[in-house]
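Sequential numbering from 1 along the given sequence is applied to the chain's residues. Note that the coordinates shown come from a computational prediction; the quantities given were computed from them, not determined experimentally.
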Amino acid sequence: QVQLVESGGGLVQAGGSLRLSCAVSGRPFSNYVMGWFRQAPGKEREFVAAITGSGGGIYYADSVKGRFTISRDNAKNRVYLQMNSLKPEDTAVYYCTARMGSVVRAASSYDYWGQGTQVTVSS
């Protein structure tokens with residue numbers, strides 16, 4: 001009943017920027033906490049950022065704080081991740097995710113997942 005589709009990944013040089021977008025189907029969109037996770041080769045999925053339904057609560061992993069910005073446009077059923085000052089260690093598949101209720105940092109607590117979009121940061 002909820003589908004998420006990520007876009008905007010690609011290859012970028014260290015220090016560059018990318019903007020990821022997630023299109024969401026399902027009503028009402030504003031009831032969902034939305035999040036971004038990432039998974040690098042050989043590693044578990046890692047929390048990146050989350051935003052509450054109204055946009056009033058925003059949370060970041062320490063590793064991306066000050067560089068990444070999560071936002072949402074409820075009128076367009078979309079959530080975004082602006083990534084600046086990218087580093088090689090940011091290389092991963094980035095996933096959009098959604099859940100009902102409060103913000104959490106555990107991947108297992110999210111109910112719906114997109115297919116992922118690859119972000120590669122070269123030195």
Glu6, Glu89, Glu46 screened by salt bridge (Lys or Arg N to Asp or Glu O under 4.0 Å) with Arg38, the one that passes
Glu46

Which residue pairs satisfy the disulfide bond (SG atoms under 2.5 Å apart) criterion with at least one member in residues 8-96, sequence neighbours excluded?
Cys22-Cys96

Give the other cluster members for Val104, using side-chain heavy-atom distances under 4.5 Å between Ile, Leu, Val, Met, Phe, Trp and Tyr residues; answer none if it is isolated.
Val33, Phe37, Phe47, Tyr59, Val93, Tyr95, Val103, Tyr110, Trp113

Suppose we screen for side-chain hydrogen bond (donor to acceptor under 3.5 Å, both in side chains). Which residues come up paired with Arg67, at least two apart in sequence or across chains?
Asp90

Please give the remaining members of the hydrophobic cluster of Val5, linking ILVMFWY side chains under 4.5 Å, ordered by chain and number.
none

Contact summary for Ala92 and Gln118, nearest pair of heavy atoms
O-NE2, 3.4 Å

Distance-only, no hydrogens or angles: does the Arg78 side chain make a donor-acceptor pair with backbone N or O of Ser21 under 3.5 Å?
no

Has the side chain of Arg45 got a donor or acceptor atom that lies under 3.5 Å from a matching backbone atom of Ser108?
no

State the CH2-CG distance between Trp36 and Leu20, to the nearest 0.5 angstrom.
4.5 Å

Hey, could you give me each pair passing disulfide bond (SG atoms under 2.5 Å apart) that has a residue in residues 28-69? Not counting sequence neighbours.
none

With sequence neighbours excluded, residues passing side-chain hydrogen bond (donor to acceptor under 3.5 Å, both in side chains) with Asn84
Ser17, Gln82

Find the distance between CE (Met34) and OG1 (Thr97) and round it off to the nearest 0.5 Å.
7.0 Å

Please check if atom CD in Gln115 has more than 12 non-hydrogen atoms from other residues, nucleotides or ligands closer than 6.0 Å.
yes

Are side-chain heavy atoms of Tyr80 and Asp73 found at a separation under 4.5 Å?
yes

About how many Å separate CD1 of Ile58 and CZ of Arg72, when rounded to the nearest 0.5 Å?
10.0 Å

